[in-house]
Amino acid sequence: MSTFEPPAETLADVVLVDYGLGNLRSATRGLERAGASVEITDDPEAFAAADGVVLPGVGAFREGMENAGPLREALTDHAATGRPLFGICLGMQMLLTSSEEADHEGEGEVTGLDLVPGTNVRFDVDRKVPHMGWNELSVERDHPLVEGVAGEYAYFVHSYYAEPDDPDAVVATADYGIDFPAVVANEAGNVFGTQFHPEKSGETGLRILRNFVEYCAER
């Protein structure tokens with residue numbers, strides 16, 4: 001039986017970006033349970049009215065950036081205001097500058113949003129790729145997103161992981177032959193992402209989504 005108690009009222013208005021590559025239904029359910037009013041949209045004008053923006057994502061880096069290309073300016077403008085921008089899985093990788101994935105697929109360099117400078121690299125370990133399943137979170141530094149989740153487990157599905165230029169951008173890690181970033185954030189703290197899927201991570205994921213919604217409300 002769930003121990004997570006949803007709030008009695010809406011805490012924040014959140015935009016879930018619809019660019020064709022996200023788990024919109026499950027992410028919406030999780031955010032609503034965490035206390036958000038959710039608008040699913042690809043309208044940049046909606047970003048300006050939102051307390052926070054969520055960039056979900058499942059798939060390849062190139063396709064993600066091509067689909068989200070028309071929204072690049074709106075996303076970076078939102079981040080520049082200091083309001084929260086939360087990338088999930090591919091959405092987190094898109095916050096970085098580049099990815100080896102396009103090169104690996106012979107598609108050439110693709111530029112990410114460059115809100116958390118760095119690149120995404122392919123796992124080069126004697127492990128099955130993609131990394132799929134539950135893994136323990138090790139919190140490396142304080143950030144509102146990870147409050148109360150140290151040592152808890154989250155659900156991952158990915159073949160690439162972030163390598164931020166600034167080591168301080170790493171908020172939490174997980175171990176898959178190497179310690180890789182599970183949560184990253186920019187220097188200001190308002191742009192952040194999870195490599196795992198909080199909407200698929202049970203009570204741990206709900207706690208993270210609730211942390212996000214409360215952070216949006218406070219900002």
Check your understanding: Taking a hydrophobic cluster as the set of Ile, Leu, Val, Met, Phe, Trp and Tyr residues connected by side-chain heavy atoms closer than 4.5 Å, whether directly or through intermediates, do Y153 and V183 fall within one such cluster?
Key ->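 Unlinked, Y153 and V183 end up in two clusters.
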Review point. When clusters are formed by joining ILVMFWY residues with side-chain heavy atoms under 4.5 Å apart, either directly or through shared neighbours, do I178 and F196 land in the same one?
Key: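 Hydrophobic grouping puts I178 with F196.
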Quick one: does any side-chain atom of [X] pair with a main-chain N or O of [Y] as donor and acceptor, under 3.5 Å?
X	Y	value
E152	T204	no
T119	S98	yes
N135	A174	no
H143	G189	yes
R83	A50	yes
N190	A79	yes
R207	V149	no
E100	R122	yes
N23	R25	no
D18	D42	no

What is the minimum heavy-atom distance between [X] and [Y], and which atoms define it?
X	Y	result
D13	S37	OD1-CB, 3.4 Å
Y155	M132	OH-CG, 3.7 Å
Q93	Y160	NE2-O, 3.0 Å
L11	A34	CD1-O, 4.1 Å

Point to revise | Verdict with reasoning, D179 to V170, per side-chain contact (heavy atoms from CB on, under 4.5 Å) | key: CA-CA 11 Å; D179 287 335; V170 180; over 6 Å; no
Point to revise | From CA spacing to verdict: side-chain contact (heavy atoms from CB on, under 4.5 Å), L145, V171 | key: CA-CA 9 Å; L145 193 69; V171 174; over 6 Å; no
Practice item. Show your working on side-chain contact (heavy atoms from CB on, under 4.5 Å) between V17 and F47 and close with a plain yes or no. Key: CA-CA 9 Å; V17 183; F47 300 0; 3.9 Å; yes
Practice item. Nearest 0.5 Å please: distance from the CG atom of L115 over to the CD atom of E187. Key: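 Atom-to-atom, L115:CG and E187:CD are 13.5 Å apart.
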Review point. Do the two ring centres, one from F123 and one from Y176, sit under 6.0 Å apart?
Key: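 Close enough - the centres of the two rings lie under 6.0 Å apart.
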Check your understanding: Are the aromatic rings of H158 and F180 close, with centres under 6.0 Å apart?
Key ->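 Judged by ring-centre distance (under 6.0 Å), H158 and F180 do meet the cut-off.
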**Study point:** E39: salt bridge (Lys or Arg N to Asp or Glu O under 4.0 Å) partners, not counting sequence neighbours
**Key:**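 Here no residue qualifies.
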Practice item. Using the ring pair (Phe, Tyr, Trp, His ring centres under 6.0 Å) rule, collect all pairs that involve residues 69-96, keeping only residues at least two apart or in two chains. Key: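 Qualifying pairs, neighbours excluded: F86-F192, F86-F212.
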Practice item. Could you walk me through whether L95 and L85 pass side-chain contact (heavy atoms from CB on, under 4.5 Å), step by step? Key: CA-CA 9 Å; L95 300 177; L85 173 60; 4.0 Å; yes
Donor-acceptor list for residues 64-76 side chains, cut-off 3.5 Å, not counting sequence neighbours:
from: E66; atom 1: OE2; to: R62; atom 2: NH1; distance (Å): 3.2
from: N67; atom 1: ND2; to: Y19; atom 2: O; distance (Å): 3.0
from: R72; atom 1: NH1; to: G112; atom 2: O; distance (Å): 2.7
from: R72; atom 1: NH2; to: T111; atom 2: O; distance (Å): 2.9
from: T76; atom 1: OG1; to: R72; atom 2: O; distance (Å): 3.1
from: T76; atom 1: OG1; to: E73; atom 2: O; distance (Å): 3.0

Exercise for review: Could you verify whether a donor N or O on one side chain and an acceptor N or O on the other, from E140 and S138, lie under 3.5 Å apart?
Suggested key: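 A pair is found: one side chain offers a donor N or O, the other an acceptor, under 3.5 Å apart.
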